[in-house]
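Here's the structure we're looking at; comments come further down.
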Amino acid sequence: MNRLAGATSPYLLQHAENPVEWYQWGEEALARAREEDKPILLSVGYAACHWCHVMAHESFEDSETAALMNERFVNVKVDREERPDVDAVYMDAVVAMTGQGGWPLTVFLTPEGEPFFGATYFPPEPRHGTPAFSQVLVAVSDLYREQRGEVARRAQALVEALEQAAASTPSGDPLTESLLFEAVRRLGELLDPEWGGFGRAPKFPPASALELLFRRGEADLATTTLDGMAAGGMYDLVGGGFHRYSVDGRWLVPHFEKMLYDNALLVPAYLHGWLVTGNERYREVAERTLDYMVRELRLEDGGFASSQDADTHGVEGLTYTWAPGEGAPEELLEPFEDGRFILRGELDDETRARLLEIRAHRPQPGLDDKAIASWNGLALAAVAEAGRRLDRGDLVDEARALAGFLLGPLSDGEGRLHRSRRAGRSSGTGFLDDYANVGHGLYELHVATGEPRWLEESRRLALLAVELFADDERGGFFLAPADGERLVARKKDLFDHPVPSGNSMLAFVLLRLARLYGDDKLEQRAAGVLRLLGPDLGRAPTELAFALCALDLYLSTPREIAIVGPPESEVARAVLEPFDPNAVVAFGPAEGVPLLEGKDYVDGKPAVYVCERFVCRAPVTEAAALTVT
């Protein structure tokens with residue numbers, strides 16, 4: 001066993017028995033590199049990563065390769081999901097060097113942590129123009145020993161580039177509706193008219209872009225993608241839920257890992273598709289995805305696991321694919337590989353239940369059972385809103401339990417979030433996306449339950465995020481807190497792919513809270529994020545889709561809904577039933593929320609106050625009297 005034996009991360013624990021003398025990221029590894037004047041070999045991956053497993057088997061489990069690594073380097077293994085700050089900085093460095101990134105990420109650093117060479121996967125022997133990993137190890141260590149000046153030059157140039165990227169200044173161009181029109185037009189140009197999705201294969205689920213299209217009244221552009229993704233393949237027809245992405249243009253052959261964040265983002269996309277179009281298929285997909293999340297990702301302590309592996313016993317997709325004679329309708333089988341097939345088509349409830357029972361008796365993919373605050377915040381928002389809209393009290397109860405986990409075991413004694421938790425142990429400080437996504441989820445739980453405490457906690461975390469992460473000079477927010485570990489550069493995460501960036505989500509949360517609390521300073525903080533992105537908002541809608549959702553909210557006419565009484569009252573149900581994405585909601589009676597001041601029951605009846613910039617219409621107590629315009 002190496003030093004990873006004491007890790008909390010399942011990914012690191014997968015490498016605890018490697019013959020490589022792995023360190024976790026931290027001062028111990030850096031100190032040894034300085035003491036022995038050795039370069040650092042940094043390897044970054046995650047538990048559900050197929051090619052991470054491949055490189056581990058080919059190289060890190062090989063005694064000769066491990067001996068070479070141990071002799072020439074101080075070796076550091078990082079779980080990108082636990083340390084997104086480390087991953088983000090060194091991924092940017094590799095992209096700057098090679099023009100592309102991915103996992104496993106392989107980066108060579110000076111003892112000061114400065115990158116000077118890197119790439120992604122290296123094979124065990126030369127292949128397709130890529131040198132063998134052992135050749136790279138020898139060449140890089142020789143470069144470090146014999147050409148120290150060249151190493152220093154490369155490292156300095158990369159660090160300067162990383163620092164410059166984090167120091168971008170806000171645009172002076174106005175934030176106008178034209179950016180939204182341009183973004184939608186661009187999405188229309190990129191749309192695959194047959195199968196949906198934006199651009200060519202591989203195709204990742206574009207949840208944030210779909211949300212933008214529904215917000216802008218462009219359902220026709222969104223439903224093509226909802227239909228294509230749900231046809232079967234990337235969507236699991238038997239068990240519900242979505243795999244990470246499709247390797248082809250038809251959403252048929254997936255990369256079989258299942259990530260919590262994808263499913264948490266696709267639930268509201270399908271839910272909103274149902275609300276806008278009335279298509280029951282979308283409601284069914286949302287509901288079955290939620291059932292999958294609760295059935296297979298729910299942990300005993302109330303959180304949700306991060307992911308399920310792509311592989312079972314080293315074979316990708318083994319659990320999910322079928323062979324003729326195994327019980328699946330053979331007319332629905334599409335070829336995959338090695339004599340196995342993927343299900344695509346319509347399954348009735350009886351057949352689905354039968355196949356799920358058969359599949360439950362197969363070997364199952366590995367589960368990364370660490371609960372990440374950020375992804376659980378997205379799950380909280382999805383489960384809470386779906387529980388409300390689908391009238392499923394069981395899901396609302398799940399959301400309450402999840403909120404209790406996030407604010408209890410996943411928070412420290414001072415109310416700050418941890419990044420993740422596993423087996424009763426928390427790991428590291430929370431990052432920007434943790435605070436933003438949990439704040440988002442708590443707001444949705446407030447709307448689902450009418451309980452004031454969740455809105456109070458959402459605001460508390462949002463204000464704490466401003467304190468910990470804000471760039472007061474240039475606007476926007478850094479990924480890591482001001483009092484966190486200092487890396488070679490401080491990174492701002494601005495792109496919404498595959499999940500909303502912490503900047504986009506926090507801007508969205510701050511805008512909602514600004515309208516509930518009448519707080520112009522919070523709105524200005526949100527606008528600062530949007531100005532950092534500037535004209536790119538219109539030009540790059542797939543990369544900035546959730547920032548565009550925030551822009552849509554920012555430019556919309558403020559519409560506040562104050563509800564006094566329980567969410568199950570008829571008048572509350574009526575006002576909350578439509579898809580009204582730019583309205584903000586607060587339940588009372590409650591103190592400390594300016595929107596709710598002076599508002600109470602009317603003649604003992606629950607009441608709804610519909611307001612615009614805090615100017616409210618007369619309260620309504622009967623659902624039939626509401627006009628939702």
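All residue numbers refer to positions in the sequence shown, counting from 1.
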Inset, instruction - Begin from the C-alpha positions of Arg244 and Glu257 and carry the test salt bridge (Lys or Arg N to Asp or Glu O under 4.0 Å) through to its verdict. - result: CA-CA 6 Å; Arg244 183 164 170 248; Glu257 65 208 57; 3.5 Å; yes

Inset, instruction - Start with the C-alpha distance between Glu81 and Ser306, add both sets of side-chain angles, then the distance that settles side chain to side chain contact (heavy atoms under 4.5 Å, CB included), and finish with yes or no. - result: CA-CA 9 Å; Glu81 296 168 357; Ser306 298; 4.0 Å; yes

Inset, instruction - Carefully, step by step, assess Ser427 and Arg419 under the rule side chain to side chain donor-acceptor pair (under 3.5 Å). - result: CA-CA 6 Å; Ser427 174; Arg419 173 63 177 179; over 6 Å; no

Legend entry - Check against salt bridge (Lys or Arg N to Asp or Glu O under 4.0 Å), Lys370 and Asp79: CA-CA 11 Å; Lys370 70 177 182 298; Asp79 182 340; 3.0 Å; yes

Inset, instruction - Take Lys605 and Glu622 through the salt bridge (Lys or Arg N to Asp or Glu O under 4.0 Å) test and state the conclusion after the steps. - result: CA-CA 9 Å; Lys605 295 180 180 180; Glu622 301 296 332; 3.4 Å; yes

Inset, instruction - Begin with the C-alpha distance, continue with both residues' side-chain angles, and end with the deciding distance and a verdict on salt bridge (Lys or Arg N to Asp or Glu O under 4.0 Å) for Asp87 and Lys491. - result: CA-CA 10 Å; Asp87 174 64; Lys491 164 81 174 178; over 6 Å; no

Legend entry - From CA spacing to verdict: side chain to side chain donor-acceptor pair (under 3.5 Å), Asn437, Ser374: CA-CA 5 Å; Asn437 290 346; Ser374 172; 2.8 Å; yes

Inset, instruction - Determine, stepwise, if the pair Leu266 / Tyr261 fulfils side chain to side chain contact (heavy atoms under 4.5 Å, CB included). - result: CA-CA 9 Å; Leu266 287 169; Tyr261 60 74; over 6 Å; no

Legend entry - Derivation of the side chain to side chain contact (heavy atoms under 4.5 Å, CB included) call for Tyr554 and Glu523: CA-CA 8 Å; Tyr554 175 71; Glu523 181 166 314; 3.8 Å; yes

Legend entry - Tyr245/Phe204 under ring pair (Phe, Tyr, Trp, His ring centres under 6.0 Å): CA gap, chis, key distance, verdict: CA-CA 5 Å; Tyr245 65 87; Phe204 291 79; 4.5 Å; yes

Inset, instruction - Determine, step by step, whether Phe508 and His440 satisfy the side chain to side chain contact (heavy atoms under 4.5 Å, CB included) criterion, reporting the C-alpha distance in whole Å, the side-chain angles of both residues, the deciding distance to 0.1 Å, and the verdict. - result: CA-CA 8 Å; Phe508 187 76; His440 171 54; 4.2 Å; yes

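A perpendicular orientation is assigned to the rings of Tyr282 and Tyr270, their planes being inclined by more than 60° (bins at 30° and 60°). Note on ring orientation: taking the six-membered ring where Trp is involved, the planes of Phe214 and Phe579 are perpendicular (angle over 60°, cut-offs 30° and 60°).
Using a 4.0 Å cut-off between charged side-chain N and carboxylate O, Arg392 and Glu287 make a salt bridge. Using a cut-off of 4.0 Å between Lys/Arg side-chain N and Asp/Glu carboxylate O, Arg83 and Glu485 are scored as salt-bridged. Between Asp291 and Arg298, no side-chain nitrogen of the basic residue sits less than 4.0 Å from a carboxylate oxygen of the acidic one, so the salt-bridge criterion is not met. With respect to Arg512 and Glu444, a salt bridge is recorded, a charged nitrogen being found less than 4.0 Å from a carboxylate O. Contact check on Arg525 versus Asp472 returns a salt bridge, with a Lys/Arg side-chain nitrogen under 4.0 Å from an Asp/Glu carboxylate oxygen. Between Arg453 and Glu456 no salt bridge is recorded (no basic side-chain N to carboxylate O distance below 4.0 Å). Classification of Arg613 and Glu560 as a salt-bridged pair fails, no side-chain N sitting under 4.0 Å from a carboxylate O. Taking a cutoff of 4.0 Å between a charged side-chain nitrogen and a carboxylate oxygen, Asp536 and Arg539 qualify as a salt bridge. Between Arg559 and Glu612 there is no salt bridge, since none of the side-chain N atoms of the basic residue sits less than 4.0 Å from a carboxylate O of the acidic one. A salt bridge does not link Asp236 with Arg288: every distance from a Lys NZ or Arg NE/NH1/NH2 to an Asp or Glu carboxylate oxygen is 4.0 Å or more. Salt bridge present: Glu451 and Arg400 bring a charged side-chain N and a carboxylate O closer than 4.0 Å. For the pair Arg389 and Glu385, the salt-bridge criterion is met [side-chain N within less than 4.0 Å of a carboxylate O].
In this structure Ser556 satisfies the side chain to side chain contact (heavy atoms under 4.5 Å, CB included) test together with Arg515, Leu553, Asn582, sequence neighbours excluded.
Side-chain atoms of Gln308 and His243 include no donor-acceptor pair closer than 3.5 Å. Side-chain contact check for Thr169 and Arg474: no donor-acceptor pair (N or O, by modelled atom type) lies under 3.5 Å.
Within the structure, the salt bridge (Lys or Arg N to Asp or Glu O under 4.0 Å) test picks out the following pairs touching residues 207-222 (sequence neighbours left out): Glu177-Arg216, Arg215-Asp552, Arg216-Asp552.
Phe198 does not carry Lys203 over the face of its six-membered ring by the limits of under 6.0 Å from the centre and within 45° of the normal. Arg459 forms a cation-pi arrangement with Tyr517, by the criterion of a distance under 6.0 Å to the ring centre and an angle within 45° of the ring axis.
Note that CD1 of Ile372 is 8.0 Å distant from CG of Asp434, once rounded to the nearest 0.5 Å. Atoms CH2 and CZ, from Trp375 and Phe304 in turn, are 14.5 Å apart once rounded to the nearest 0.5 Å. Taken from OG1 in Thr289 to OH in Tyr235, the straight-line distance is 5.0 Å, to the nearest 0.5 Å. Distance check: Asn263 CG to Leu378 CG gives 11.5 Å after rounding to the nearest 0.5 Å. Residue Leu175 holds its CG atom at 7.0 Å from CG of Leu537, rounded to the nearest 0.5 Å. Note that CG of Asp92 is 9.0 Å distant from CG of Asp493, once rounded to the nearest 0.5 Å.
Counting non-hydrogen atoms of neighbouring residues, nucleotides and ligands closer than 6.0 angstrom, the CD atom of Gln164 reaches no more than 12 such neighbours. Taking a 6.0 Å sphere around CD of Glu189, one finds it holds more than 12 heavy atoms contributed by other residues, nucleotides or ligands. The number of heavy-atom neighbours closer than 6.0 Å to CD of Glu284, taken from other residues, nucleotides and ligands shown, is above 12. Sparse packing is recorded around CG of Asp603, with 12 or fewer heavy atoms of other residues, nucleotides or ligands lying under 6.0 Å away.
Of the candidates Asp471, Asp85, Asp433, Lys492 forms a salt bridge (charged side-chain N to carboxylate O under 4.0 Å, His left out) with just one, namely Asp471. Under the side-chain contact (heavy atoms from CB on, under 4.5 Å) rule, Pro541 has a single partner from Asp496, Leu213, Leu187, which is Leu187.
In this structure, Val585 and Tyr443 have side chains that are in contact, with non-hydrogen atoms separated by less than 4.5 Å. Counting only heavy atoms from C-beta outward, the side chains of Leu226 and Thr277 never approach each other to under 4.5 Å. A 4.5 Å side-chain heavy-atom check between Leu532 and Ser171 finds every atom pair outside the cut-off.
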Can you give me every donor-acceptor pair (side chain of residues 561-576, partner residue at least two apart or in another chain, under 3.5 Å) with its distance?
{"residue": "Ser569", "atom": "OG", "partner": "Pro566", "partner atom": "O", "Å": "2.9"}
{"residue": "Ser569", "atom": "OG", "partner": "Ala572", "partner atom": "N", "Å": "3.4"}
{"residue": "Arg573", "atom": "NE", "partner": "Glu568", "partner atom": "O", "Å": "3.3"}
{"residue": "Arg573", "atom": "NH2", "partner": "Asp391", "partner atom": "OD1", "Å": "3.3"}

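For the pair Ser420 (side chain) and Ala371 (backbone), a donor-acceptor distance under 3.5 Å is absent.
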